[in-house]
Amino acid sequence: MVARSQADCQAAPWKRELAGAITRPEELLDLLDLDPELLSAAHAAAVTFRLLVPRGYAALMTRGDPQDPLLRQVLPLGDELQDPPGFSTDPVGDHAALRTPGLLQKYQGRALLLVSGACAMHCRYCFRRHFPFGELSLGAHHVAEAITRLGRDSSINEVILSGGDPLMLDDHALADLVARLEEISHLRRLRLHTRIPIILPSRATDRLCRTLRESRLRPVLVVHTNHARELGAETRTALEWLRLTGAVLLNQSVLLRGVNDDAQRLAELSEALFECDVLPYYLHLLDKVSGAAHFDVDEATAARLLDRLRRLLPGYLVPRLVREVAGEPYKTPVDATNP
Ligand SMILES: *Cc1c(COP(=O)(O)O)cnc(C)c1O
Ligand code: SF4
């Protein structure tokens, strides 16, 4: 096993990049010429959810700007230690929606499989920042249990691989999982919810593309981009390869104060995504997770923003503004007609 994982490591640049990602706040601040005064708060906030950012993503940040919209998504801040009322550790009711370990079903026809507890970056606003990934991501017997469950329920035609990030699985494990899902005859679509093509584009390997291209299941990739500057040259190339597999590419964003809460910025994001053959899908209101209150944009402000965005873009480039309400049968649209 050890020999094999070393060989894997040599063969896969993305694993080396991941192993070399920035985890120390002092290194990130130093790299960006930022005030070391930010350090003690960063250390304090990193205790509950540690800093993790791939170097390629950090390279897209502007040096000397503590308000950089990419930096704000990853730098632990003292603000995270405040705990205003209304913010909790399980804001979207995931625990209640668990069918078997690692298998969530909230909506008709679609089931979501948490295949990896890990991510290639730690986004400070993440609604799963308190989720016990270690317990809930899949061990081999849990995969078997989840697949049996999916096989028995013919109302499910789409399986969504999520996490964490499903592309933290290596190519072999993913190909293996896809092959087992393909055997379930009522499944038609394979969806991946992943931020990795955006933040670690070297993960778009030939083998991954082949798995998607050759699958009986129609692949849908929902990537996660919040700002146009996240679409660097390498990410654009990775998205092109993924697109060439025949996968439908969609994007979801989270509306984040100080990152993208501006109609012009959101319009630039939609335009940039379209250049990469990715259509905007959802713009999520922040899930009210403890530690992320400083990113929150209230519903009325969000609705006004969407109204401005609609004036700037063709309808197909306007994402659906939604919030997730525990127990509801779909992601709840936030109305912009009477903001
Ligand atoms: C968001 C989500 C989905 C997908 O919803 P769509 O509206 O189809 O994108 C499916 N299952 C769960 C548990 C979800 O949270
Ligand atoms: S990549 Fe997604 S799941 Fe992972 S930390 Fe970021 S928002 Fe959370």
Side-chain angles (χ1 to χ4, degrees), residues 18 21 46 48-54 57 70 72-76 80 90-100 102-133 136-137 146 150 155-168 188-200 203 220-227 230 248 250-256 259-260 279-287 289 291-292 295 319-333:
L18 195 58
T48 29
F49 190 48
R50 76 184 172 99
L51 168 78
L52 179 65
V53 54
Y57 187 84
L70 278 55
R72 279 186 65 84
Q73 296 181 57
V74 299
L75 180 67
E80 294 176 30
D90 179 24
V92 296
D94 274 353
H95 287 285
L98 273 179
R99 292 291 172 268
T100 68
L103 185 68
L104 285 171
Q105 192 185 1
K106 291 185 183 174
Y107 307 136
Q108 175 76 40
R110 290 143 288 167
L112 190 146
L113 205 51
L114 301 172
V115 298
S116 165
C119 284
M121 182 160 108
H122 285 173
C123 312
R124 308 313 298 177
Y125 52 86
C126 182
F127 74 104
R128 295 216 164 111
R129 52 181 288 156
H130 304 280
F131 210 62
F133 282 128
L136 291 169
S137 60
L150 286 169
S155 73
I156 293 174
N157 61 20
E158 175 166 340
V159 62
I160 302 172
L161 306 185
S162 183
D165 200 306
L167 289 183
M168 290 294 278
R188 280 190 253 160
R189 290 184 297 279
L190 171 73
R191 195 192 317 183
L192 274 75
H193 280 181
T194 173
R195 188 143 163 65
I196 282 186
I198 309 304
I199 59 175
L200 194 72
R203 177 68 190 87
V220 180
L221 255 66
V222 183
V223 297
H224 170 176
T225 320
N226 297 318
H227 193 284
E230 290 175 280
V248 171
L250 303 170
N251 182 67
Q252 50 186 344
S253 308
V254 181
L255 184 58
L256 299 167
V259 173
N260 60 8
L279 287 175
Y281 180 37
Y282 281 141
L283 174 61
H284 295 270
L285 289 189
L286 184 78
D287 293 313
V289 64
F295 285 116
R320 300 158 178 80
L321 179 65
V322 292
R323 72 152 60 251
E324 182 148 355
V325 180
E328 288 296 311
Y330 46 81
K331 311 247 188 263
T332 311

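Keep in mind it's a predicted model, so treat the numbers as computed, not measured. Residue numbers run from 1 in the order of the sequence given. Every heavy atom of this structure was used, including side-chain atoms; hydrogens, water molecules and symmetry mates were not. Read the numbers this way: they start at 1 and go in the same order the structure lists the ligands and their atoms.
The closest side-chain donor-acceptor pair between Y57 and E230 falls under 3.5 angstrom. Remark: the E324 side chain and the H284 side chain contain no N/O donor-acceptor pair separated by less than 3.5 Å.
Here is the list of ligand 1 atoms found below 4.0 Å of a heavy atom in I160: 3 (C), 4 (C), 10 (C). In summary, the atoms of ligand 2 found under 4.0 Å from a heavy atom of M121, numbered by their order in the structure, are 5 (S). Heavy-atom contacts of R195 reach the following atoms of ligand 2: 1 (S) (cutoff under 4.0 Å). Every atom of ligand 1 is numbered from 1 in the order shown, and the set under 4.0 Å from a heavy atom of E324 is 15 (O). Close approach to R110 involves these atoms of ligand 1, each under 4.0 Å from a residue heavy atom: 5 (O), 6 (P), 7 (O), 8 (O). Below 4.0 Å from some heavy atom of K106 lie the following atoms of ligand 1, by number and element: 13 (C). Those atoms of ligand 2 with a heavy atom of H224 less than 4.0 angstrom away are 7 (S). Near R191, with a cut-off below 4.0 Å to any heavy atom, the atoms of ligand 1 are 4 (C), 6 (P), 8 (O), 9 (O).
Distance from atom 12 (C) of ligand 1 to its nearest protein heavy atom, with residue and atom name: L112 CD1, 3.5 Å. Of the protein's non-hydrogen atoms, Y282 OH, 2.6 Å is the one closest to atom 7 (O) of ligand 1. The protein heavy-atom contact nearest to atom 9 (O) of ligand 1 is Y281 OH, 2.7 Å.
In this structure, Y125 and F295 have perpendicular ring planes: the angle between them is above 60°, well past the 30° mark.
Not a single heavy atom of R128 sits under 4.0 Å from any atom of ligand 2. At a 4.0 Å cut-off, not a single heavy atom of Y330 sits close enough to ligand 1 to count as contact.
In this structure the side chain of H224 reaches within 4.5 angstrom of the side chain of V254, judged on heavy atoms. Using a 4.5 Å heavy-atom cutoff, the side chains of R128 and C119 are not in contact. In this structure, R320 and P333 have side chains that are not in contact, with every pair of non-hydrogen atoms separated by 4.5 Å or more.
Here C119 reaches atom 4 (Fe) of ligand 2: one of its N/O/S atoms is less than 2.8 Å from the metal. With a cut-off of 2.8 Å, atom 6 (Fe) of ligand 2 has an N, O or S atom of C123 in range.
For ligand 1, one of its N or O atoms has an N or O atom of K331 under 3.5 Å away.
No donor-acceptor distance shorter than 3.5 angstrom exists from the side chain of R110 to the backbone of E158, with no hydrogens or angles considered. Remark: the backbone N or O of H122 is not paired with any side-chain donor or acceptor of R129 at under 3.5 angstrom.
Atoms CG and CG, on N157 and L150 in that order, are 11.5 Å from each other to the nearest 0.5 Å.
Here the closest non-hydrogen pair linking G163 and L114 is O-CD2, 3.5 Å.
Between R323 and E328, no side-chain nitrogen of the basic residue sits less than 4.0 Å from a carboxylate oxygen of the acidic one, so the salt-bridge criterion is not met.
In the candidate list C126, S162, S116, G163, C126 is nearest to atom 8 (Fe) of ligand 2, counting heavy atoms.
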